[in-house]
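When reading the values below, keep in mind they use all heavy atoms of this one structure, side chains included, and skip hydrogens, waters and symmetry mates.
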Amino acid sequence: MPLRDPFSLPLSARTSWEAIHGGWPMVIVQTLNRVLPAPYVAQPRVHLGRDFEVDIATWERTGSLSSWTDGTGGTALWAPNQPGLELDADLRDFDEYEVQIWDGENKLAAAIELISPRNKDRHTARMAFVSKCATLLREGVCVVLVDVVTIRPFNLFGELLGSIDAQPAPTSVAQAPLYAVTCRARRVGDVVKLDAWPCALAVGQPLPTLPLWLTERDAIPLDLETSYERTCHDLRIAG
């Protein structure tokens, strides 16, 4: 069955991309946990980013704040100078649609990242996502990126390769609008090698099966098509 486009009509009138992205991680988990060798286990992680907020608990007291003291008679409040800089900043959180695979020692072995529109909509979100993936690779975690977002043309796989100065020049998948790729880092002597299994995607075409590396030598198949179809079937999304 083909990859759908919930960002465009006619499908966007009947469902949302959030429905697929929200349901897909759990279906991937169910699929993986049938084939993962013990003691590995897959777990979903869905975190929806929100605007930056800070909640501060306050005391209700009679009188003005300036009359509150520290208990020794001294005034506890302090009026600092005006800030030397006052800048606009983007501190919003970002989305995570993720499947994590843990080994028996509570160590993360692999992570499957379903890229969302919010991961791509601004520079800070893209850099945060790329930085997270680069950190996982440095820690020896296999990282799978799946981008089925048909809006916003940024390719986070290409930006990840640029952030780690990957050489030689990347393949065409690093510029493709839709793609899925498995990445892992391994050390050969004093050199770190990045292995990648990239696959360009297209609306109307099936999704691939990628290797999911649990160790440097051991991998299992990650059948994206089966889990995607199960998700769409459960959501009653026609082909």
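- The same ILVMFWY cluster, assembled from side-chain heavy atoms under 4.5 Å apart, contains both Y97 and I151.
- R122 and T124 form a side-chain donor-acceptor contact under 3.5 Å, judged by distance and modelled atom types alone.
- Using a 4.0 Å cut-off between a side-chain N of Lys or Arg and a carboxylate O of Asp or Glu, R126 and E159 qualify as a salt bridge.
- The salt bridge (charged side-chain N to carboxylate O under 4.0 Å, His left out) pairs that include a residue from residues 141-154 are K120-D147, where partners are two or more places apart or lie in different chains.
- For W17 and W24, the distance between ring centers is not under 6.0 angstrom.
- Take E113 and apply the side chain to side chain donor-acceptor pair (under 3.5 Å) test, not counting sequence neighbours, and it matches K132.
- Looking at T31 and R34, their side chains come closer than 4.5 Å, going by heavy atoms from C-beta outward.
- Not a single donor-acceptor pair under 3.5 Å links the side chain of S131 to the backbone N or O of A128.
- Side-chain atoms of T182 come within 3.5 Å of backbone atoms of P211 as a donor-acceptor pair (strictly under, hydrogens ignored).
- Without hydrogens or angle criteria, S8 side chain to D5 main chain gives no donor-acceptor distance under 3.5 Å.
- Residues I101 and V29 are members of one and the same hydrophobic cluster, defined by side-chain heavy-atom contacts under 4.5 angstrom among Ile, Leu, Val, Met, Phe, Trp and Tyr.
- Between F157 and Y179, the ring planes are tilted. Angles from 30° to 60° get that label.
- Linking ILVMFWY residues whenever their side-chain heavy atoms come closer than 4.5 Å, directly or via other members, places I237 and L3 in the same cluster.
- For the pair N119 (side chain) and D95 (backbone), a donor-acceptor distance under 3.5 Å is present.
- E225 contributes no side-chain N or O that, together with a main-chain N or O of P206, makes up a donor-acceptor pair within less than 3.5 Å.
- Checking side-chain atoms of T226 against main-chain N and O of D223 turns up no donor-acceptor pair under 3.5 Å.
- With hydrogens and angles disregarded, no donor-acceptor distance shorter than 3.5 Å links the side chain of D103 to the backbone of P39.
- E96 and R118 are not joined by a salt bridge, as no carboxylate oxygen comes within less than 4.0 angstrom of a charged side-chain nitrogen.
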